[in-house]
Amino acid sequence: MGCPGRSSTLASLQHIYRRGHIFWWRRVHFSFHNKPIDIRLSLGTPDRLQARNRGAALTASYDRVVNVLNQRMRAERDLTERELQRIARDMYEARLAELCTQQRAAPGDAELLSAANNAYVDYFDRLARVGGHLSFMPEEEDRLRSEGWDERRVADLRQTIGLREERGITPVRPSELNQHLGEAGLEPDDNLRWKVELVLYRAYRDAYADAERQLQSESGFHAPEAPLRARTPMPSSDTEALAIPERWRTCTPTQAAEWMYADVVR
């Protein structure tokens with residue numbers, strides 16, 4: 001006959017097992033990036049009572065220790081290039097779907113939506129070229145004119161840059177950056193958000209360009225000057241004018257972009 005107290009006592013020792021004559025403590029921990037870590041510590045004793053007490057102390061402090069380790073791992077881990085590219089692709093897809101849905105919901109505003117698309121193509125292309133936010137100086141305006149930009153296109157870019165500099169309005173939403181960083185198992189901070197934003201410039205430029213192509217394909221509207229530089233002609237008849245609200249008939253492409261952004265946020 002076996003000893004009834006022995007098996008029940010051993011079973012009550014949570015996270016404890018015996019290897020040879022020594023008791024050990026074991027936990028399988030899933031870190032913040034869901035990779036299992038098998039933690040095994042020798043309790044350094046063959047005595048069941050001592051093993052129980054030492055194991056209980058380890059178990060009691062386990063959650064605090066793991067939280068500290070996770071925070072340290074998050075702080076020390078950086079984004080890999082593969083993670084950056086995946087985030088950029090995901091955010092490109094999300095923005096393109098958002099823009100196309102918006103365009104399909106307002107087919108009568110094709111010209112204005114096209115103008116906003118093109119303004120942001122130029123805006124994000126410039127961000128990618130200069131490597132971030134930079135004030136729009138007269139020397140740069142002159143260079144763009146020499147490259148064939150007309151005054152309206154230069155003004156649209158200037159006003160779009162001004163939306164962020166003067167009013168803090170930008171299509172790059174910090175909440176979305178934080179969400180994707182969190183999903184990658186990282187604690188968002190200014191440095192990580194900056195790294196994601198840098199790869200996002202080309203992704204968002206392409207999203208607005210592809211949204212413009214989709215708009216032209218679905219609406220039958222084609223920009224008169226260039227595939228990605230639409231303008232906003234006045235309505236050709238009184239009936240067409242009545243179909244477009246007054247504020248949309250008199251606004252600039254940059255104003256249209258600002259109102260569109262405000263609607264999305266709401």
Side-chain angles (χ1 to χ4, degrees), residues 81 84-134 136 140-141 143-164 169-173 176-177 180 195-233 248 251-265:
E81 184 62 25
L84 281 170
Q85 295 300 329
R86 185 183 69 247
I87 291 174
R89 286 194 301 271
D90 290 345
M91 296 189 74
Y92 159 84
E93 294 288 351
R95 181 54 55 89
L96 178 60
E98 177 185 302
L99 292 169
C100 289
T101 298
Q102 187 179 53
Q103 291 169 175
R104 294 184 186 108
D109 296 330
E111 291 94 337
L112 292 168
L113 293 168
S114 176
N117 286 339
N118 288 318
Y120 278 121
V121 168
D122 283 342
Y123 175 72
F124 282 110
D125 184 65
R126 178 181 184 268
L127 287 174
R129 283 188 290 102
V130 302
H133 298 283
L134 189 68
F136 197 42
E140 184 179 359
E141 294 187 21
R143 179 177 58 79
L144 292 175
R145 292 187 187 95
S146 70
E147 293 175 0
W149 286 40
D150 60 29
E151 289 300 325
R152 181 63 177 274
R153 186 176 180 183
V154 172
D156 287 349
L157 179 57
R158 183 192 312 116
Q159 292 174 23
T160 307
I161 294 169
L163 287 177
R164 179 188 179 276
I169 296 176
T170 169
V172 179
R173 302 164 192 157
E176 292 181 352
L177 301 180
H180 284 276
K195 289 183 177 181
V196 174
E197 186 170 328
L198 286 176
V199 300
L200 201 59
Y201 296 149
R202 286 184 172 82
Y204 272 10
R205 176 199 61 192
D206 294 346
Y208 281 93
D210 289 345
E212 174 63 14
R213 295 185 182 95
Q214 190 69 17
L215 175 66
Q216 294 189 19
S217 173
E218 292 185 352
S219 68
F221 165 76
H222 295 284
E225 298 179 21
L228 293 178
R229 291 306 309 167
R231 294 293 176 259
T232 310
W248 290 101
C251 72
T252 66
T254 305
Q255 288 174 320
E258 179 181 349
W259 294 339
M260 287 164 56
Y261 176 75
D263 289 341
V264 170
V265 173

Close side-chain approach of R158 and E141, heavy atoms under 4.5 Å: yes
Are L99 and Y120 side-chain neighbours, meaning at least one heavy-atom pair lies under 4.5 Å? no
If you measure from OG1 on T170 to CD1 on I161, what distance do you get to the nearest 0.5 Å? 11.5 Å
Is T160 close to D122 at the side-chain level, that is, under 4.5 Å between some pair of heavy atoms? no
Worked check of side-chain contact (heavy atoms from CB on, under 4.5 Å) between Q103 and N117: CA-CA 10 Å; Q103 291 169 175; N117 286 339; 2.8 Å; yes
With a 3.5 Å distance limit and no angle check, can you tell me whether S217 reaches the backbone of R213 through a side-chain donor-acceptor pair? no
Test: R202 and D206 ion pair at under 4.0 Å: no
Decide side-chain contact (heavy atoms from CB on, under 4.5 Å) for L177 and M91; before the verdict, give the C-alpha distance in whole Å, the side-chain angles of both, and the deciding distance to 0.1 Å. CA-CA 9 Å; L177 301 180; M91 296 189 74; 3.9 Å; yes
When every non-hydrogen atom of A207 is compared with those of L96, the smallest separation belongs to O-CD1, 3.5 Å
Applying side-chain hydrogen bond (donor to acceptor under 3.5 Å, both in side chains), can you list everything that pairs with E197, at least two apart in sequence or on another chain? H133, Y201
Gap separating the CG atom of L157 from the CZ atom of R152, nearest 0.5 angstrom: 13.5 Å
With heavy-atom distances below 4.5 Å as the criterion, would you say the side chains of L200 and V172 are in contact? yes
Of all heavy-atom pairs linking A211 and C100, the shortest is CA-SG, 4.4 Å
Can you tell me how far apart CG (L163) and OH (Y123) are? Round to the nearest 0.5 Å. 8.5 Å
Taking S114 for its side chain and A110 for its backbone only, find out whether a donor-acceptor pair lies under 3.5 Å. no
Set out, in order, the CA-CA distance, both residues' side-chain angles and the distance that settles side-chain contact (heavy atoms from CB on, under 4.5 Å) for W149 and D156, then state yes or no. CA-CA 11 Å; W149 286 40; D156 287 349; over 6 Å; no
Validation row: V196, H180 side chains within 4.5 angstrom (heavy atoms): no
So the salt bridge (Lys or Arg N to Asp or Glu O under 4.0 Å) pairs with at least one residue in residues 84-97 (sequence neighbours excluded) are R95-E98, R95-E176
Taking the side chain as everything from C-beta on, heavy atoms only, tell me whether Y92 gets closer than 4.5 Å to D210. yes
Under the 3.5 angstrom rule, does the side chain of R126 hit a backbone N or O of L134 as a donor-acceptor pair? yes
